[in-house]
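Notes follow the structure.
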Amino acid sequence: MSDSYDYDLFVIGAGSGGTRASRVAAAYGAKVAVAEEYRVGGTCVIRGCVPKKLLIYGAHFAEDLADARRFGWNVPSCDFDWKVLTDNVFEEIDRINGAYTSTLTNNGVTIINDRAVVTGPNSLRLGDGREVTAARILVATGATPSVPKCPGHELGITSNEAFHLEAIPKRIVIAGAGYIANEFAGIFHQFGAHVTLINRTDVILRGYDEQIRDRLLQISMMKGIDFRFHADFRGIEKQADGSLLVSMTGHDPIETDCVMFATGRDPNTEGLGLESAGITVDAKGAIPVDDSGQTACASIYAIGDVTNRVQLTPVAIREGQAFADTLYGGKPTRVDYDNIPSAVFSHPPIASVGLTEGQAKNKFGAVKVYASDFRPMKNVLAGRNERALYKMVCDSVTGRILGLHMIGPDAPEILQAAAVAVKAGLTKQAFDDTIALHPTMAEELVLLR
Ligand SMILES: Cc1cc2nc3c(=O)[nH]c(=O)nc-3n(C[C@H](O)[C@H](O)[C@H](O)COP(=O)(O)OP(=O)(O)OC[C@H]3O[C@@H](n4cnc5c(N)ncnc54)[C@H](O)[C@@H]3O)c2cc1C
């Protein structure tokens, strides 16, 4: 193939999906180049999952230090230094960025630190004007924060900039109610900011189980996070003293120091030249693909967030692996999108796999729901009035578990293991047959009533 083209495979975007696809295709012997316009590692490593999770660990110390006193620790009043945390986070990102870069180069992938756009079914143009050709092109350009085009929107930030704030603002307004909005609400709140979350509807975390998200709302409000519901974002105005005035429908304007938009993520296809290969994106800008990731152009494939199917790192990685296995490894593979576990790293976190109670009822009619609503032992001693809630949704005839939904300390860590059982099609009986591991929070999963 590479006799007639510069490369067997040209990947656009060295994020979660693009890195995996390039590395594996190259390991199978393909001649591969990957273009990256920002930093190798992509959203997850550079400005997504990794730095966010590190901030969440950092934020959690606020509660841990307070709770420690109830466990006998004489904790003096502690200061928090945002600069120390973010410097250390950036150092860790640099380390992972280096590791990703060496993995690619060690596998013989050519990294091109530049933007690439498609100019035809087998051709691309790089930012420096160079033209390259490839037998196949893989678009793995991810997604980018979507910001409403309201007056003063340029005064706001997105999650991209949140990691680079000079200091924690005293007051912050977050627009949106998805997982990024709720996670950053928790982060800023724990670091001492007054947080107001404003949302067009009165539903946070659409797609998660109703009782679980209600529990998060109740705990967040109890902690002091403010919510403005049925509020359509109208605009931001800078006031003489430098503060920002946020206006919205249905509520009085709010004065704040920082506004963060967490109002969804749009696939990165603008100016990508896909029309030159006969590819039309959908209304959201996503690239339509079949179940092998192939686009309307036979030589061009797309994976990850740019296809707007499931915008999660492990899914992009799985799609990249399946692409390389199928086309370069002689192992035809399809990604199975059933029972993908997901989490919201709020305070406390949420974790979920499978159908919610509502979805299961719509699909199957009658379902059986088992729940445990409990105060974790650690919270009891700490005097922390936060209850955990675990829910198991089962087929009422076979007992097969259709969904598992949890909110409480370490819920994502616990759910990852339980998700194996749900994926394997196990029943509630299999959980009942398993002896509890005591004393843990996870034991509630085998004691559900
Ligand atoms: C704040 C935040 C928190 C998140 N937390 C989680 C989480 O906890 N768990 C989870 O599973 N997922 C999380 N995600 C989502 C996750 O980051 C994405 O689903 C994942 O990164 C998608 O991988 P990808 O390969 O499709 O794209 P990306 O990782 O976004 O990579 C795309 C790459 O393409 C590059 N690029 C774009 N256009 C071009 C071009 N024309 N030429 C060259 N390069 C280009 C970009 O610079 C980028 O590096 C989070 C996202 C955000 C924003």
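Order of appearance sets the numbers: ligands from 1, and atoms from 1 within every ligand.
- At a heavy-atom distance under 4.0 Å, only side-chain atoms of Ile180, from C-beta outward, approach ligand 1.
- Annotation for ligand 1: atoms under 4.0 Å from non-hydrogen atoms of Phe345 are 8 (O).
- A distance below 6.0 Å separates the ring centres of Phe374 and Tyr390.
- For atom 40 (C) of ligand 1, the nearest non-hydrogen atom from the set Ile12, Thr269, Thr158, Val118 belongs to Ile12.
- Between Glu36, Arg20, Lys52, it is Lys52 that holds the heavy atom closest to atom 7 (C) of ligand 1.
- Ligand 1 places these atoms under 4.0 Å from at least one heavy atom of Pro314: 11 (O).
- Ligand 1 has an N or O atom lying under 3.5 Å from an N or O atom of Gly17, backbone or side chain.
- Ligand 1 has no nitrogen or oxygen under 3.5 angstrom from a nitrogen or oxygen of Asn268.
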- Task: Output, in order, the C-alpha distance, side-chain angles, deciding distance and verdict of salt bridge (Lys or Arg N to Asp or Glu O under 4.0 Å) for Lys31 and Asp8.
- Result: CA-CA 5 Å; Lys31 185 176 177 197; Asp8 296 323; over 6 Å; no
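- Each of the following atoms of ligand 1 lies closer than 4.0 Å to a heavy atom of Gly142: 26 (O), 27 (O), 30 (O), 32 (C).
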- Test salt bridge (Lys or Arg N to Asp or Glu O under 4.0 Å) on Arg39 and Asp94 and set out the steps. CA-CA 10 Å; Arg39 294 186 69 188; Asp94 290 346; 2.8 Å; yes
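- Of the candidates Gly273, Ala143, Ser342, Cys44, the one placing a heavy atom closest to atom 17 (O) of ligand 1 is Cys44.
- An N or O contact shorter than 3.5 Å is missing between Glu183 and ligand 1 by distance.
- In this structure, of Asp114, Thr141, Val40, Thr313, the residue bringing a heavy atom nearest to atom 37 (C) of ligand 1 is Thr141.
- When ring centroids are compared, Phe233 and Phe261 come within the 6.0 Å threshold.
- The CG atom of Leu217 sits 9.5 Å away from atom CG of Leu205, with the distance rounded to the nearest 0.5 Å.
- Annotation: Arg47 places no N or O atom under 3.5 Å from an N or O atom of ligand 1; distance criterion only.
- Considering backbone and side-chain atoms alike, Ala116 places an N or O below 3.5 Å from some N or O of ligand 1.
- By the 4.5 Å heavy-atom criterion applied to side chains, Val173 and Arg228 are not counted as neighbours.
- Salt bridge Arg130/Asp114: absent, no basic N to carboxylate O contact under 4.0 Å.
- For atom 4 (C) of ligand 1, the nearest non-hydrogen atom from the set Tyr38, Tyr179, Phe184 belongs to Tyr179.
- Contacts classified as side-chain hydrogen bond (donor to acceptor under 3.5 Å, both in side chains) and involving residues 149-158 (residues at least two apart or in different chains) are given here: Thr158-Glu161.
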- So Asp257 and Lys170, salt bridge (Lys or Arg N to Asp or Glu O under 4.0 Å) or not? Walk me through it. CA-CA 7 Å; Asp257 305 302; Lys170 281 206 169 60; over 6 Å; no
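- Listed by atom number, the atoms of ligand 1 under 4.0 Å from Ala35 heavy atoms are 43 (C), 44 (N).
- Remark: ligand 1 atoms within the under-4.0 Å shell around heavy atoms of Arg115 are 40 (C), 41 (N), 42 (N), 43 (C).
- Near Gln311, with a cut-off below 4.0 Å to any heavy atom, the atoms of ligand 1 are 15 (C), 19 (O).
- Distances from atom 53 (C) of ligand 1 to the heavy atoms of Arg265, Arg39, Glu37 show the closest one on Arg265.
- Note on Asp266 versus Lys284: salt bridge recorded, some NZ/NE/NH1/NH2 to OD/OE distance being below 4.0 Å.
- Applying the side-chain hydrogen bond (donor to acceptor under 3.5 Å, both in side chains) test to every pair with at least one member in residues 400-410, sequence neighbours left out, gives these pairs: Ser352-His405.
- Judged purely by atom type and a 3.5 angstrom limit, Asp290 uses its side chain to pair as donor or acceptor with the backbone of Gln294.
- Close contacts of ligand 1 with Ser159, meaning ligand atoms under 4.0 Å from a residue heavy atom, involve 1 (C), 53 (C).
- At under 3.5 Å, a nitrogen or oxygen of Leu312, whether backbone or side chain, sits near a nitrogen or oxygen of ligand 1.
- Counting the atoms of ligand 1 from 1 in the order shown, those under 4.0 Å from a heavy atom of Gly304 are 26 (O).
- Within a 6.0 Å sphere centred on CD of Gln218, heavy atoms belonging to other residues, nucleotides or ligands number more than 12.
- The protein heavy atom nearest to atom 13 (C) of ligand 1 is Cys49 SG, 3.3 Å.
- For Phe184 and Phe163, the gap between ring centers is short of 6.0 Å.
- The protein non-hydrogen atom at the shortest distance from atom 34 (O) of ligand 1 is Gly13 CA, 3.2 Å.
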